[in-house]
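Each remark here refers to the structure printed beneath this line.
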Amino acid sequence: MTGHEADSAYESLIQFLYSAPVALIQLQQNGEIEMLNPMASQLLMPLAPDGDLSNLFHVLQPFAPDLQPLCAGFGGAHGVVCEGKRIVLQRDALRPDGGRGQSAPAVLSLGLLKVDGSRLMAVLLDATHEVLREQRTLATRLASAARQDVLTRLPNRAGALDLLRGMVRRARTPAGDHGAVLSINLDRFKQINATFGNDVGDQIMVLVAERLRATVRSSSRVAALAAAAEVAARTGGDEFVVLLDGLPERATAESIANRLLDRLSRPYSVAEHELTCTFSIGIVLLDQDQDQDQDQDQDQDQDQDREGNEDPDGLLRDAAIAMGVAKAQGGGRCALFQRRMREEAVLRGGIEADLRNAVERGELFTVYQPVVGLLAGGAIDRAAGVEALVRWRHPVRGVVGPVEFIGIAEDCGLIGAIGEQVLAMACADFVRWQKQLGEAAPRLLAVNLSRAQLSQEGLCDRVAAMLAASGMAPQSLQLEITESLAAQGENVRDQLLALKALGIKLALDDFGTGYSSLSSLHLLPVDTVKIDRSFITLAATSRHHEVLIEATVKVARSLGMNTVAEGIETPQQAAVVSAQGCDKGQGYLYSRPVSSAAIEAWLGGAGQGAGPA
Ligand code: C2E
Ligand code: MG
Ligand code: MG
């Protein structure tokens with residue numbers, strides 16, 4: 001290349017740089033500007049109110065006071081001093097509400113290259129759009145994090161509400177395009193946390209989330225519907241929601257819910273425990289009021305309901321109300337939302353307040369049901385025992401059964417006080433019968449113990465104190481526990497063993513209803529197995545159930561436990577359970593639960609045999 005050619009190449013480079021849409025500035029070590037292209041003066045001019053563009057450091061001083069020290073501190077003879085250094089000119093313009101009407105740059109990006117011992121090249125870019133874009137991405141990420149549950153990575157309540165809003169707004173095809181919301185709750189999650197610790201509780205939540213994800217994914221839907229969707233979300237501690245959209249029929253919601261119940265209730269292995277949990281599911285259909293409760297509708301009601309149904313918050317609430325109903329019915333089941341459930345939910349809230357008063361005012365009382373010995377030839381032993389069952393004399397509602405309030409008492413922490421009242425009343429009655437009735441007095445008193453009581457500290461001491469106060473022999477008391485969840489936790493098992501050490505007998509109530517299995521019976525420190533009414537009801541008509549009863553009796557006997565058949569209503573049922581070797585029986589056939597005065601009469605009743613109830 002000749003000198004002339006080199007000059008002209010340099011000339012075109014300068015020309016090119018001069019007109020480039022990038023601000024270029026050549027400056028001295030002290031910031032003195034030697035050369036700048038039009039783009040540079042366009043960017044810098046608004047920053048120099050007096051129009052003085054002679055020194056870059058001076059111009060940028062108010063926005064980047066660290067620039068001069070940065071250059072002075074740069075040690076090398078040449079090299080990159082900084083690259084993409086952000087210089088904020090107008091902070092306000094970057095706020096989300098900043099409304100960038102004018103196009104003046106709000107942020108510059110600066111690159112500085114030390115060319116030699118005395119000279120620097122600066123490159124300046126308007127980075128406003130880039131920064132705004134970054135902010136938007138960040139905001140979206142934050143928003144989606146705010147819509148996700150950290151533990152399970154499922155959408156959280158806010159996320160579920162967003163999705164539900166979309167579902168509610170979407171236009172539906174006239175036939176075969178239904179939506180539903182399922183509210184899913186683990187029965188007695190508090191108990192799991194109290195028994196095994198919060199870590200185990202958390203791990204169960206994660207496993208539940210995985211099963212929910214897997215199950216909703218594999219459900220059957222109308223594939224052709226683009227809008228069809230199934231999403232699981234975690235809306236609270238142990239509360240999950242599944243949104244079903246594009247269902248071919250309304251009934252599909254229920255079949256999916258039942259499939260979920262089945263999958264969710266399989267055992268969970270967590271930290272060396274095999275835990276079985278049951279779940280309650282509430283279902284609300286998006287277009288429910290089109291055919292529901294039509295007979296009792298007034299126009300006004302219809303309007304209110306429709307309004308309620310289009311509101312995502314209201315839908316979640318209704319689904320949760322239905323879930324509460326499923327739970328109150330014993331859990332492990334689904335309930336379809338019905339409008340009357342709203343009033344009942346309010347009532348339930350009222351029950352809690354009333355229940356506190358009931359405990360203080362002594363509105364609770366016990367009734368007794370005989371537990372008879374099943375003797376050869378269909379004869380019965382009337383004095384074998386009685387079971388105490390609590391009742392509540394509600395000032396307005398009359399006598400209320402335990403199914404309606406024991407669950408609430410467990411939830412609101414009243415169960416301990418109720419349990420103690422029942423035990424004290426029953427022991428007092430029992431001791432009195434022994435004095436008054438002699439031979440005819442029952443030999444065993446069965447009292448139910450709630451799971452929640454089992455995880456309470458000091459239970460054993462209180463029971464011992466009450467026995468002592470009433471003068472009741474511990475061997476005559478049988479405490480009944482309903483679930484093997486009781487035996488799954490170490491501390492609960494210890495509690496049971498401590499009760500046994502007092503001399504008290506233990507019974508496993510409602511055996512066969514899901515929690516316990518025959519193969520795990522040996523793990524439980526119980527003396528008696530009470531076979532659930534659901535088996536006895538079918539005993540006389542279903543060979544399958546008869547075989548199950550037979551197997552239970554055999555396994556129990558091999559473990560040195562005796563058996564009680566619950567809920568015997570007919571002589572046929574009595575004959576079957578007797579033939580299968582059940583030791584005792586309880587049920588309406590012999591007597592309904594009755595007052596303590598009535599049971600005294602029954603106990604003194606004439607003869608042996610299946611006397612009238
Ligand atoms: P459970 O301990 O299994 O009591 C037996 C239940 O079955 C009683 O219901 C009894 O009335 C009912 N039953 C007995 N024989 C028959 C029959 O032949 N047919 C039918 N259909 N039912 C029969 P109840 O009194 O409503 O009690 C329900 C449950 O409430 C009890 O089941 C028990 O788990 C709980 N419970 C009752 N009293 C107490 C209490 O003082 N404390 C606690 N924690 N729970 C209690
Ligand atoms: Mg019982
Ligand atoms: Mg029972």
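Along the sequence shown, the residues carry numbers beginning at 1. Worth knowing before you read on, the calculation uses all heavy atoms, side chains too, and leaves out hydrogens, waters and symmetry mates.
Rounding to the nearest 0.5 angstrom, the gap separating the CG atom in Leu261 from the CD1 atom in Ile184 is 8.0 Å. From Phe240, atom CZ reaches atom CG of Leu260 across 11.5 Å, with rounding to the nearest 0.5 Å. Remark: Leu414 CG to Ser450 OG distance equals 11.5 Å, nearest 0.5 Å. One distance of note links CG of Leu36 with CG of Leu56; it measures 9.0 Å at 0.5 Å rounding. Between atom CZ of residue Arg157 and atom CG of residue Asp149 there is a gap of 13.5 Å, rounded to the nearest 0.5 Å. Remark: Ile87 CD1 to Leu108 CG distance equals 6.0 Å, nearest 0.5 Å.
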### Message
Assess the residue pair Asn193 and Asp238 against the criterion (side-chain contact (heavy atoms from CB on, under 4.5 Å)); give the C-alpha distance rounded to whole Å, side-chain angles, the decisive distance to 0.1 Å, and a yes or no.
### Response
CA-CA 11 Å; Asn193 274 333; Asp238 61 337; over 6 Å; no
### Query
Should Leu212 and Leu264 be marked as a side-chain contact (heavy atoms from CB on, under 4.5 Å) after you check the CA-CA gap, both sets of side-chain angles, and the distance that decides it?
CA-CA 8 Å; Leu212 280 177; Leu264 292 174; 4.2 Å; yes
### Query
Would Ile406 and Glu410 satisfy side-chain contact (heavy atoms from CB on, under 4.5 Å), going step by step from the backbone distance to the final call?
CA-CA 6 Å; Ile406 290 291; Glu410 286 177 345; 4.1 Å; yes
### Message
For Asn156 and Gln148: C-alpha separation, side-chain torsions, deciding distance, then whether side-chain contact (heavy atoms from CB on, under 4.5 Å) applies.
### Response
CA-CA 5 Å; Asn156 61 12; Gln148 196 184 52; 5.6 Å; no
### Query
Step by step, would you call Arg259 with Asp262 a salt bridge (Lys or Arg N to Asp or Glu O under 4.0 Å)?
CA-CA 5 Å; Arg259 183 160 55 229; Asp262 175 55; over 6 Å; no
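Looking at heavy atoms from C-beta onward, Asn258 lies in side-chain contact with Cys334 at the 4.5 angstrom threshold. Between Ile418 and Leu355 the shortest side-chain heavy-atom distance falls below 4.5 Å. Side-chain atoms of Phe196 and Leu275, non-hydrogen and from C-beta on, do get closer than 4.5 Å to each other. In this structure the side chain of Arg213 reaches within 4.5 angstrom of the side chain of Arg153, judged on heavy atoms. Residues His78 and Asp116 fail the side-chain proximity criterion, which asks for heavy atoms closer than 4.5 Å. In this structure the side chain of Phe189 reaches within 4.5 angstrom of the side chain of Met205, judged on heavy atoms. Considering only heavy atoms from C-beta on, Asp66 comes within 4.5 Å of Lys85 through its side chain. Residues Asp52 and His58 fail the side-chain proximity criterion, which asks for heavy atoms closer than 4.5 Å.
With sequence neighbours left out, the ring pair (Phe, Tyr, Trp, His ring centres under 6.0 Å) criterion links Phe405 to Trp392.
At least one donor-acceptor pair closer than 3.5 Å links the side chain of Thr128 to the backbone N or O of Val107. Lys327 places a side-chain N or O within donor-acceptor distance of the main-chain N or O of Leu186, the cut-off being under 3.5 Å. Judged purely by atom type and a 3.5 angstrom limit, Asn37 uses its side chain to pair as donor or acceptor with the backbone of Leu17. Proximity of a side-chain donor or acceptor of Ser109 to a complementary backbone N or O of Leu125 within less than 3.5 Å is not detected. Arg133 places no side-chain N or O within donor-acceptor distance of the main-chain N or O of Val131, the cut-off being under 3.5 Å. With hydrogens and angles ignored, the 3.5 Å screen pairs no side-chain donor or acceptor of Arg250 with any backbone N or O of His178.
Nearest approach of Ala417 to Val359, heavy atoms of both residues: CB-CG1, 3.9 Å. Scanning both residues, Leu459 and Gln453, for their nearest heavy atoms gives CD2-O, 3.8 Å. The two residues Ala180 and Leu247 come nearest to each other via the heavy atoms CB-CD1, 4.1 Å. The two residues Leu454 and Gln495 have their closest heavy-atom pair at O-NE2, 2.8 Å. Closest of all the heavy-atom pairs between Leu44 and Leu60 is CD2-CD2, 4.2 Å. Taking each heavy atom of Arg86 and Ala127 in turn, the nearest pair found is NE-CB, 4.2 Å.
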Under 3.5 Å, which donor-acceptor pairs do the side chains of residues 20-29 form with other protein atoms, sequence neighbours left out?
{"from": "Gln26", "atom 1": "NE2", "to": "Glu34", "atom 2": "OE1", "distance (Å)": "2.7"}
{"from": "Gln28", "atom 1": "NE2", "to": "Glu34", "atom 2": "OE2", "distance (Å)": "2.8"}

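Donor-acceptor pairing under 3.5 Å is recorded for the side chains of Ser280 and Asp187.
Counting heavy atoms of neighbouring residues, nucleotides and ligands inside a 6.0 Å radius, atom CZ of Phe63 exceeds 12 of them.
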